[in-house]
Amino acid sequence: MSTINTVTEQLTRAGQAIEHDSFAIIDAEAGTHAYTEQQWPIVRRMIHANADFDFNGLTDFHSNAIDAGIEAMLAGGRPVVADVEMICSGLSQPRLAHFGMKTWQFISDADVIERAKQEDTTRAVQAMRKAASRGLLDGAIVGIGNAPTALIELVRLIREEGVRPALVVGMPVGFVSAAESKDLMAELQDVPWIVIRGRKGGSTLVVAALHALLALAEARQKTMQAAQK
């Protein structure tokens with residue numbers, strides 16, 4: 001059983017006990033699994049968010065995903081670019097601020113909507129293009145939980161225009177192109193990713209995965225600080 005990812009935002013002993021017991025139940029019911037000691041806290045937090053054990057198996061990781069995400073957070077000041085506002089709203093602002101991180105999303109911007117109409121594309125496609133044009137994707141952590149077209153466009157930007165996010169958390173949910181968009185992302189080797197295979201996904205799972213990564217980054221930071229004393 002992994003003890004990583006013990007950082008919590010629960011402010012009372014009662015809340016901490018419930019969270020601890022929830023993780024213990026998940027560990028016990030999940031049993032043996034194929035994830036590494038660092039990957040499992042991500043998957044466990046996602047199961048905790050949705051009470052769905054299918055994510056034990058559906059969640060897939062690039063070999064460098066965890067280290068890339070942690071290193072980006074420890075570097076400080078990296079943007080978090082999301083496909084929808086829900087991800088930005090769900091992320092803990094104090095925990096992001098600890099690493100000097102700020103969230104960005106453009107899905108409802110007037111210019112994004114207008115260009116999507118003009119070019120007969122989705123708002124999600126234009127939002128990714130706007131993020132690229134503003135230089136926000138290079139070195140960023142990108143979270144996509146709603147729009148498969150955002151992830152497909154991000155893959156295109158990586159392949160054709162050379163953008164290089166530090167990590168992509170690609171978990172769009174849906175029936176049209178959702179599974180295919182994640183399979184496309186998982187074909188890439190030069191940009192680390194975390195994806196959910198198949199149709200399942202959602203913004204809450206992106207938030208859960210990023211919170212787990214933030215906890216891992218905080219734990220590594222404390223270890224580094226202790227070693228320097």
Note: Arg197-Asp183 ion pair, threshold 4.0 Å (strictly below):
yes
Sub-3.5 Å donor-acceptor pair from the side chain of Asp52 to the main-chain atoms of Asp54, do we have one?
yes
If you take all heavy atoms of Ala212 and Arg45, which pair is closest and at what distance?
CB-CB, 3.9 Å
Within 45 degrees of the axis of the six-membered ring of Phe23 and under 6.0 Å from its centre: does Arg44 put its NZ or CZ there?
yes
Out of the candidates Val163, Ile158, Leu137, only one should pair with Val142 under the side-chain contact (heavy atoms from CB on, under 4.5 Å) rule; please name it.
Leu137
So, do Met46 and Thr59 sit near enough that their side-chain heavy atoms are less than 4.5 Å apart?
yes
Is any side-chain heavy atom of Lys200 closer than 4.5 Å to a side-chain heavy atom of Leu58?
yes
Around atom CD of Glu85, are there more than 12 heavy atoms of other residues, nucleotides or ligands at under 6.0 Å?
no
Shortest non-hydrogen contact from Gly139 to Arg78?
O-NH1, 3.0 Å
Is there a side-chain contact between Glu218 and Phe99 (heavy atoms, below 4.5 Å)?
yes
Between Glu114 and Lys117, does any NZ, NE, NH1 or NH2 come within less than 4.0 Å of an OD or OE carboxylate oxygen?
no
Here the pair of heavy atoms bringing Ile194 nearest to Ala65 is CG1-CB, 3.8 Å
Do side-chain atoms of Ser177 reach the backbone of Glu180 as a donor and acceptor pair under 3.5 angstrom?
no
Between the main-chain N or O of Trp40 and the side-chain N or O of His33, is there a donor-acceptor pair closer than 3.5 Å?
no
Give the ring-plane orientation class for Tyr35 versus Phe61, where under 30° counts as parallel, over 60° as perpendicular and anything between as tilted.
perpendicular
Between Asp190 and Arg164, does any NZ, NE, NH1 or NH2 come within less than 4.0 Å of an OD or OE carboxylate oxygen?
yes
Step by step, would you call Ile66 with Ile42 a side chain to side chain contact (heavy atoms under 4.5 Å, CB included)?
CA-CA 9 Å; Ile66 304 301; Ile42 310 293; 3.9 Å; yes
So Gln105 and Asp83, do their side chains get closer than 4.5 Å, heavy atoms only?
no
Looking only at heavy atoms, what is the nearest atom pair of Arg123 and Ala116, with distance?
N-CB, 3.9 Å
Which heavy atom in Val81 sits nearest to a heavy atom in Leu136, and how many Å separate them?
CG2-O, 3.7 Å
May I ask you to decide whether Glu187 forms a salt bridge with Arg159, counting only side-chain N to carboxylate O separations under 4.0 Å?
yes
What I'd like to find out is whether the side chain of Arg115 reaches to under 4.5 Å of the side chain of Lys130, using heavy atoms alone.
no
Within a strict 4.5 Å, meaning less than it, do heavy atoms of the Trp193 and Lys182 side chains meet?
no
Non-hydrogen side-chain atoms of Val80 and Leu96 separated by less than 4.5 Å:
yes
Within the 4.5 Å heavy-atom criterion, are Ile107 and Val112 side-chain neighbours or not?
no
Can you give me the closest heavy-atom contact between Gly69 and Leu167, atom names plus distance?
CA-CD2, 3.9 Å
Between Arg220 and Asp67, is the side chain to side chain contact (heavy atoms under 4.5 Å, CB included) condition met? List the steps.
CA-CA 10 Å; Arg220 184 176 295 186; Asp67 283 340; 3.0 Å; yes
Could you walk me through whether Leu205 and Val173 pass side chain to side chain contact (heavy atoms under 4.5 Å, CB included), step by step?
CA-CA 10 Å; Leu205 292 165; Val173 61; over 6 Å; no
